[in-house]
Structures are given as C-alpha cells and as structure tokens.
2 protein chains.
Amino acid sequence: MTQQVSGQTFSERPRATVMEDVAARAGVSAMTVSRVLNTPEKVRPDTRARVLDAVRELGYRPNFAARSLVTGRSGALGVVSFDTTLYGPASTLHGIEQAARTHDYLVTIVNVTTLNRRSIAEAVNRLRFQSVDGVIIVAPHESAADGLHHLPPDLPAVVVGARESLPVPVAAVDQAAGAVRATRHLLSLGHDTVWHLSGPEDWIDASTRVEGWRSVLSAEGRQIPDPLRGDWSARSGFEAGRQLARDPEVTAIFAANDHMATGVLRALREAGRRVPQDVSVVGFDDVPEAPYLWPPLSTVRQNFTEVGRLAFRLLLERIDGRTATPHRMIEPELVVRESTGARQSG
Amino acid sequence: MTQQVSGQTFSERPRATVMEDVAARAGVSAMTVSRVLNTPEKVRPDTRARVLDAVRELGYRPNFAARSLVTGRSGALGVVSFDTTLYGPASTLHGIEQAARTHDYLVTIVNVTTLNRRSIAEAVNRLRFQSVDGVIIVAPHESAADGLHHLPPDLPAVVVGARESLPVPVAAVDQAAGAVRATRHLLSLGHDTVWHLSGPEDWIDASTRVEGWRSVLSAEGRQIPDPLRGDWSARSGFEAGRQLARDPEVTAIFAANDHMATGVLRALREAGRRVPQDVSVVGFDDVPEAPYLWPPLSTVRQNFTEVGRLAFRLLLERIDGRTATPHRMIEPELVVRESTGARQSG
DNA sequence: GATGCAAAAGGGAGCGCTCCCACGGAAAAC
DNA sequence: GTTTTCCGTGGGAGCGCTCCCTTTTGCATC
C-alpha cells in the first residue's frame, strides 16, 4: 500500500546537491568530501582532485546550517551600531566588513536608534539568535556604558569607541589627543585662547574632546570660554557660528566635527568675518569634503576604517580564545589646511 | 576500561539548554515546545503558559542552525553594495535594515570594490553560502548589468538603482526626472543654458542624469555644452569648477551630486565669481550638509531610505512567492535654496 | 455509561554535516 | 618474511530542530 513510489510528489523542488552526491560522483565517502573541504592536507592529492572536480561539476555548495549545527560556529559576526548613515559609524563598519571579508567572516548589522541597556541587549539578542560568533558594538554614547557592562559573558564581544575600561576589549581613536593637537595648533598660531563647539552631551567623543581642549587651555593658563554645544549637524554649527561671530574676541574656533565646522564657516562668512584672517577654524574627522570647503578645512583626521579593522582583530582574538588586548587606541592626526592662520594683530 | 565516567572531560563547556530541557521542565514533549514557539495557537493556553515559563526560567534560545537546517530558511537577507561609505549606498542600506528589522529579518552585508559579473557572483555566493533567504544588490554601475543578468535563478533577488529591465525587480529613484527638474529650474531663472558636471562614466545615475539634462536643453532648443566629468568627489568638483569659472558664459551649473557641487562652489568663489549673482549652482542628493554650505545649496533630494524600504518590500514579495512588481521608481524632489538665482543681465 | 470526534500532545524520522573511532593497506622497522 | 606504525579512508552516531503521522485526551452526544 505504499504510495511514495508516485515519483511526482515534490517534483517541484529540485533538491540541492548534498555532500553524499559529491561523494558518490567522486567514488569516495561523504567523510572524505568533508575532509577535502575542511582539512585538505589530510587527503591524498589525487583523491582531493577527484573530489574537487565532483564539487565543481555538481556545483556543490555545503549547507551552512548543517555545518554550523554541528560545529557551533556560524562564520558570521554581528555589528551593533548607532546610525550607520553618519560618516564615522559608516566608515567603521566599512573597516570591519573589509577585515572580516579577508578572514571569511560575514557581517550582520543591526542599527539602534537609542543606546541604553535595553536597546543594546535587544540588538545583541537578535544577533545571538542568529548565532553569530561574536559582536562588535559601536557605542559612542555615555548611556551605552550600562548596557556594555551587562553583555552576555559567553559571547565574544568588542566595543568601539567606549570610554572607560570595560569587561570587553575596546578599540578607539584617542579623541583627547586629537583635541589637544587641534587646540595646541591654534594656540601656536598666536591666538589668546580657543573657543570650542562641542558635540551633543551624551556622546563620549564629544566630552573627551572637550576634556582635551580644556586641558591644554588650562595647562597654558589661558582663559577657558564656556563651550557651545551642537548636535554634529552643519545646522547646529551654523547657529553656534552666528553666536561666535558676534563676539570680536573670538579668533580661534575648534569645532568638534567637520560638519559643524562647515556651518561655522558659513556663519562667519555671512557675518563678514574672514577665515582665516579674522577667525581660524579647526574641525574634527577629516571627512572627504573637508579639503574642498572654502577655505579648505584644517581638521583632525581619525582613521575610522583602521578602527574597524582593529576591532575585528580584537574580536577574532576573543573568538579564537586568545588573550585579548584590553584597550587599544589609534592616534588621530592633525591636518593643517587653510582655515587656520596666524592671528592678525588688532 | 571506560574512561568517560570521569565527569571532568568537557566540563568546560556548560552545554546550552535545548528544547528537550525546556520540555522536561514543562512536563511536555519537545514537539509541544516547538509548537509553542511556532504555532502557539495550536497549544492549549495553560500548556503554553507552562512552556513559556520554562523557556524563561531556563533562558532558552532556540538553536538557529538547527531550525534553519530543517526549514531551509535563515531569516537573514544579504545586501551586496558598492562602498557603503558613500552617502547614497549608506542611506539605502539604512533603509533596508530598518525595514528588515520590523519584519524580523537580519541584514548581512558584503561590500564590493568593483562591479562586474565576477565580483557580483562572488559576493552573492558568499551570501548564499550563509543561506540568506534573498539578496538585494545595490549596483549603480553600468558594468554590473552583466552580473545582474546572470543571478542564480533560485535565489530571490532585488536590484537597487539599475537601469534596464532585468529578470529581477528593480527599485530606483527616477534620476532622469530629477535632472530634468534641476535643469528646468535653472532655465526658468533666465539662464540661456545649463552646464553640467556629471558623475563618473560607469555610473548609471551619472549617465541618466546627463540624459535628463540633455533632453531638457534639447527640447528647449538651447545650446548643449559638453558635460564635464567628475568622480563624485568634492575634489573633482573643485577642478571642474575652476575650469567653468574661467568661462564668463557660464551662469548656471548643474552638478551631478552635492559633493561635487561643494567643490564647484569653492572654485567659483576663489575665482571671484559670486553665487548666485554671477553663477547659479544646483547639486543632487540633498546631503545633510547641503543647507549649510555657503550659500545653501539648491539640490535634488533623493530619498535613499525610501528606496531601501521599497527594495526590501519587493524582496519580501519575492521570498514569499508573491508576484513581484518588476520595476518601481521613486520621485526625487527639487529643493530650492540660495545657490540659485535669477540671471543678472550681464 | 458508552460512543464519537475534534483538539491536543507525542514518537520518531530525518535535515546535511562533522567528528570519533575503527579499519585496511602500504611503508618502515624488526 | 613478519610485525609495527601510520596515513588515508569509511561507518555511524548525533548536533537541535521541525514535521508527518499516530496516539491520547477532553468533552459533547446519544
């Protein structure tokens, strides 16, 4: 009474070739095929060649789920990031992806719109559910700290751009050092002091840059003006710039990123203050447009791509169980262009 | 002589809780646990509650690989994209990710540095290897066409920003329409004709914008200057701008993107030509900084995020086997700011 | 109280792969 | 020539889940 002989049932689905098919074609066992794929050196060259031929002829692609079921590895890593539309996160992601690709890892991304314990946990869980081998969290906010302290201990993780020492490795650019360089550069041009337009409150990079800037002024015994606060956008830079333009004392401005600096440049110009003759402006990031603003913007270059690569390396160390470097900094670089100049007396 | 009783072996690995554990705890079979997770309505409420409690108490997370092995679905989709550092691709990716998230899909990304048949095939294969349920290919290059015509037929795919009718659905912004609007806007301000700074040769968007621009000039019987060619960068815009600034006939410039327009603005200013009094400039994209350039840049806004969402919707249709809309366009929008103005009689 | 019937729950196979172990045969040692 | 060694290969179990099919259960009906 068996009916499965019909042969018509399921004829719709062509059934992908599996390892057994390759084995049959090559005249070996499935085991040997598996070996050729994973530890080729343990298979005699001629057998290996035969198997490889069969693989090619049949267009065989190993089933990822099956492999990962038994190995417990997925070959994918997760990136939790805040708004990958921003230049920094986008470049970091790019660096991660690039490094991952050369190591045959795939990158799965989850964007978060807010950074707190709950949102981080949620994003990480989504990724775990897909059994990624590890996660990189791009969390430039102070408010992320709580979430980062409570990451699942059994999941290899690396954080990009966090502040304090965490239970996980951190890859970051030395923001303070960058701010120090920018500020010193302006002072060295003869300016009495440097005004600062900072990033939004919750951002670690913003406060670290404030600290760097302040430390230089304080060490040199200069007047420390209240920093203005922007939100990274050119718009906020423009608004702050209008305010600064009104004050004739202002001759040097350190904006916490290039987009805000862009807005500052426009505000200064509209107010009739020349850059750099009347006011010098330094940005931060070195976005690709920076050299082509008017005037070309002096800024602090941070190599986001390199940070991404570094983060991946640290994660790989974690995944492979090697002792991971706890915290690693990348040095930013001052790029002097034409938006900064010697203070004109008077 | 058995030694496995030692109990020490493998004690390192705590062994994650599996469905059977949950079943035991809830006093049901594994089958029922599976039902609670997948088709809860088929389980009596009290049983369901008991199972859910057990899940919670044990912190059970279903093994993704095992599930995907048997269902043949992974809940992940792949995005193949050209340089996600660029504003357009980054925003598109963001839109895709956003839409995917609300539908419980995860997004895995592969960047490609060149777009041709080989590189596309390679990227798609990497993704297939991870058994994604479908792929979205962001392929703004002419040279990608070949690769897009040879996608594996059994893998649901959607293309973003391709030109011609492909065997797969396409989501795109109507570039030609945008260029038409930009050009008409400039003509309506009284300019005799419009110079064009186009994007790099291989880019579909670049040539489509050229076509739109040319069609308007041609329809209106205007002189059609040779378009200059840039590479999307502010630098190339700057160089082209210097060239254009030399020609006093040039009173209206349509740059194929905002970054190039940024460079053009600088070049014009350095040459002493005022914007918009002497020369009007229109960009394309409406990057976030555009309103804060000096002067604020008139441009054509293309909603990349919306394109990403659309692409995801189309892909979902494919995955679910619904008839997919073949080609869908999103309308761009002209945004008039201060870089364009009426032609001053010269 | 017996019977019928739908709904709820379970048994067991199997998805495709890797890994432990066993085994055969050729090379090396006796 | 025989035994030992070792390399290359194969058999078979099992990873954790879903799904087909069967069994059990609860409950209305006669």
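A note on names: the letters A, B, ... follow the listed sequences, proteins ahead of strands, and every chain is numbered from 1.
Taken over five-pair windows at either terminus, the axes of the helix from dG1(C)-dC30(D) to dC30(C)-dG1(D) are inclined to one another by 40° (rounded to 10 degrees).
Rounding to the nearest 0.5 angstrom, the gap separating the CD1 atom in Ile136(B) from the CD1 atom in Ile109(B) is 11.0 Å.
Ring orientation note: the planes of Tyr105(B) and Phe312(B) are nearly perpendicular, at an angle over 60° on the 30°/60° scale.
Remark: Arg101(B) engages Glu97(B) in a salt bridge, criterion side-chain N to carboxylate O under 4.0 Å.
Atom P of nucleotide dG14(C) and atom CG of Asn63(A) are separated by 17 Å, given to the nearest angstrom. Atom CG in Asp21(B) sits roughly 9 Å away from atom P in dG16(D) (whole-Å rounding). Distance CG (Asp46(A)) to P (dC7(D)): 17 Å, rounded to an integer number of Å. Atom CE of Met19(B) is separated from atom P of dG10(C) by 13 Å (rounded to the nearest Å). Computed from coordinates, the Leu69(B) CG to dC17(D) P distance equals 12 Å when rounded to whole Å. Between Arg50(A) atom CZ and dG8(D) atom C1' there is a gap of 12 Å when expressed in whole angstrom units. Atom C1' of nucleotide dT18(C) and atom NZ of Lys42(A) are separated by 13 Å, given to the nearest angstrom. In this entry the distance linking CG of Leu37(A) with C1' of dG16(C) reads 12 Å, nearest Å.
You'll find that the side chain of Thr71(B) is closest to dT18(D), out of dG10(D), dT18(D), dT9(D). Closest contact between the side chain of Arg67(B) and the listed nucleotides dT9(D), dC17(D), dC17(C) involves dC17(D). Nearest to the side chain of Asn38(B), among dC17(C), dT18(D), dG11(C), sits dT18(D).
When the nearest nucleotides of DNA chain D are assigned to Arg44(B) and Met31(A) by heavy-atom distance, the more 5′-ward of the two goes with Met31(A).
Among the heavy atoms of the strands, none lies under 4.0 Å from Ser68(B). Phe64(A) comes within 4.0 angstrom of no nucleic acid atom, judged by non-hydrogen atoms across all strands.
In this structure, the salt bridge (charged side-chain N to carboxylate O under 4.0 Å, His left out) partners of Asp104(A), at least two apart in sequence or on a different chain, are Arg126(B).
Atom CD of Glu57(A) has more than 12 heavy atoms from other residues, nucleotides or ligands within 6.0 Å.
No side-chain donor-acceptor contact under 3.5 Å links Ser91(B) and Thr305(B).
With Arg117(A) contributing its side chain and Asp146(A) its backbone, the two residues share no donor-acceptor pair below 3.5 Å.
Look at Thr32(A) and you'll find a side-chain N or O under 4.0 angstrom from OP1 or OP2 of dG10(D). In this structure, Ser34(A) reaches the dT18(C) phosphate: one of its side-chain N or O atoms is under 4.0 Å from OP1 or OP2.
With hydrogens and angles left out, the side chain of Arg35(A) and the base of dG10(D) share a donor-acceptor pair within 3.5 Å.
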